[in-house]
Amino acid sequence: MPKRRTRLRIATWNINSVRLRLARLGDLVAALEPDVLCLQETKTPDELFPREEIAGFGFRHMLVRGMKGYNGVAILSRLPLAPVDELPDWCGRDDCRHIAADLDLPGGPLRIHNFYVPAGGDIPDPEANPKFRHKLDFVSEATLWFAAGAADRGRTVLAGDLNIAPLPEDVWSHRQLLDVVSHTPVETEGLLRWQATAGGWVDAVREIVPVPQKLFTWWSYRNRDWRRSDRGRRLDHVWLTPDLRGALKGAMVLKDARDWPQASDHVPVLAELVV
DNA sequence: ATGGTAGATATTCTA
């Protein structure tokens with residue numbers, strides 16, 4: 001008897017304040033019907049996380065790791081979640097940039113990592129800018145952790161705001177962004193080294209929307225007309241361990257979310273698996 | 001070359 005197969009829609013979204021943008025979660029559910037949603041920049045201490053309202057959207061299971069004012073990650077789910085304990089304290093900061101959970105599915109357990117990589121400030125020089133140093137160190141530590149076997153169990157999804165656009169087609173102008181934080185060679189090479197761990201993570205969205213198509217998930221608040229200027233970057237990612245490559249059935253970027261009332265500067269990204 | 005916007009917080013930081 002073959003085991004029953006499950007359709008699983010996994011989304012990631014940098015919500016930029018879960019309390020301010022709570023109503024937009026309802027829009028996201030209506031548009032994408034995710035079973036699991038990874039949030040970044042919740043900017044909310046755990047005791048103030050709007051659990052009841054989120055349960056009202058159908059996510060009865062949630063894991064949160066937040067702090068006052070900055071950062072913060074959460075995994076919301078329609079299916080029961082088991083927390084993954086003993087995650088690394090990245091760069092020794094305890095700053096709420098990573099959370100992980102296990103889903104118990106008919107085909108076996110599936111692990112989900114949700115990351116919020118430091119943005120890195122404005123100056124792409126680790127000597128002059130401690131925030132850029134922190135970003136590079138964070139990516140290096142994550143690379144070492146996965147290279148040491150953290151995802152060797154397989155059936156693992158890594159989602160989040162990685163704050164790096166790795167490919168030339170992931171930014172509006174490769175040439176003009178080569179010295180802009182998020183697309184400098186030291187960052188893109190670092191992210192691709194991270195992606196090469198765990199047997200080679202599958203970039204789910206690029207499987208479905210391959211290069212040379214341009215694809216962005218973030219547009220700055222500082223552009224007068226974001227859609228017309230279209231100066232975007234692909235900072236938000238969903239990666240799969242290679243054993244899930246055949247399970248990938250679809251993926252998309254919800255670009256229209258950038259026009260929602262009081263929009264986040266990031267839009268949701270979805271991957272659909274049959275596992 | 002510059003400054004543009006947004007959110008949380010508190011008179012500035014982070015993105």
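All chains are named by letter (A, B, ...) in the order of the sequence lines, taking the proteins before the strands, and each is independently numbered beginning at 1.
Of the C1' atoms belonging to dA15(B) and dG3(B), the separation is 15 Å, rounded to the nearest Å. Using atom C1' as the reference point in both dT11(B) and dG7(B), the two lie 16 Å apart (nearest Å). Look at the C1' atom in both dT9(B) and dT14(B): the space between them is 11 Å, to the nearest Å.
Taking the six-membered ring where the residue is Trp, the centroids of Trp90(A) and His98(A) are separated by under 6.0 Å. Annotation: Trp226(A) is not in aromatic contact with Tyr221(A) [ring centroid separation under 6.0 Å not met]. For Trp172(A) and His183(A), the distance between ring centers is not under 6.0 angstrom.
For the residue pair Asn163(A) and Lys135(A), no side-chain donor N or O sits within less than 3.5 Å of a side-chain acceptor on the partner. Side-chain contact, Gln40(A) with Thr12(A): a donor N or O sits under 3.5 Å from an acceptor N or O.
Of all nucleotides in DNA chain B, those with any atom nearer than 4.0 Å to a heavy atom of chain A start and finish, going 5' to 3', at dG4(B) to dA15(B).
Arg258(A) comes within 4.0 angstrom of nothing in the nucleic acid, heavy atoms only. Arg231(A) comes within 4.0 angstrom of no nucleic acid atom, judged by non-hydrogen atoms across all strands.
The residue among Lys68(A) and Glu41(A) whose nearest nucleotide of DNA chain B lies closer to the 5′ end is Lys68(A). Between Tyr221(A) and Gly69(A), the one whose closest nucleotide on DNA chain B sits nearer the 5' end is Tyr221(A).
Distance check: Arg97(A) CZ to Phe115(A) CZ gives 12.0 Å after rounding to the nearest 0.5 Å.
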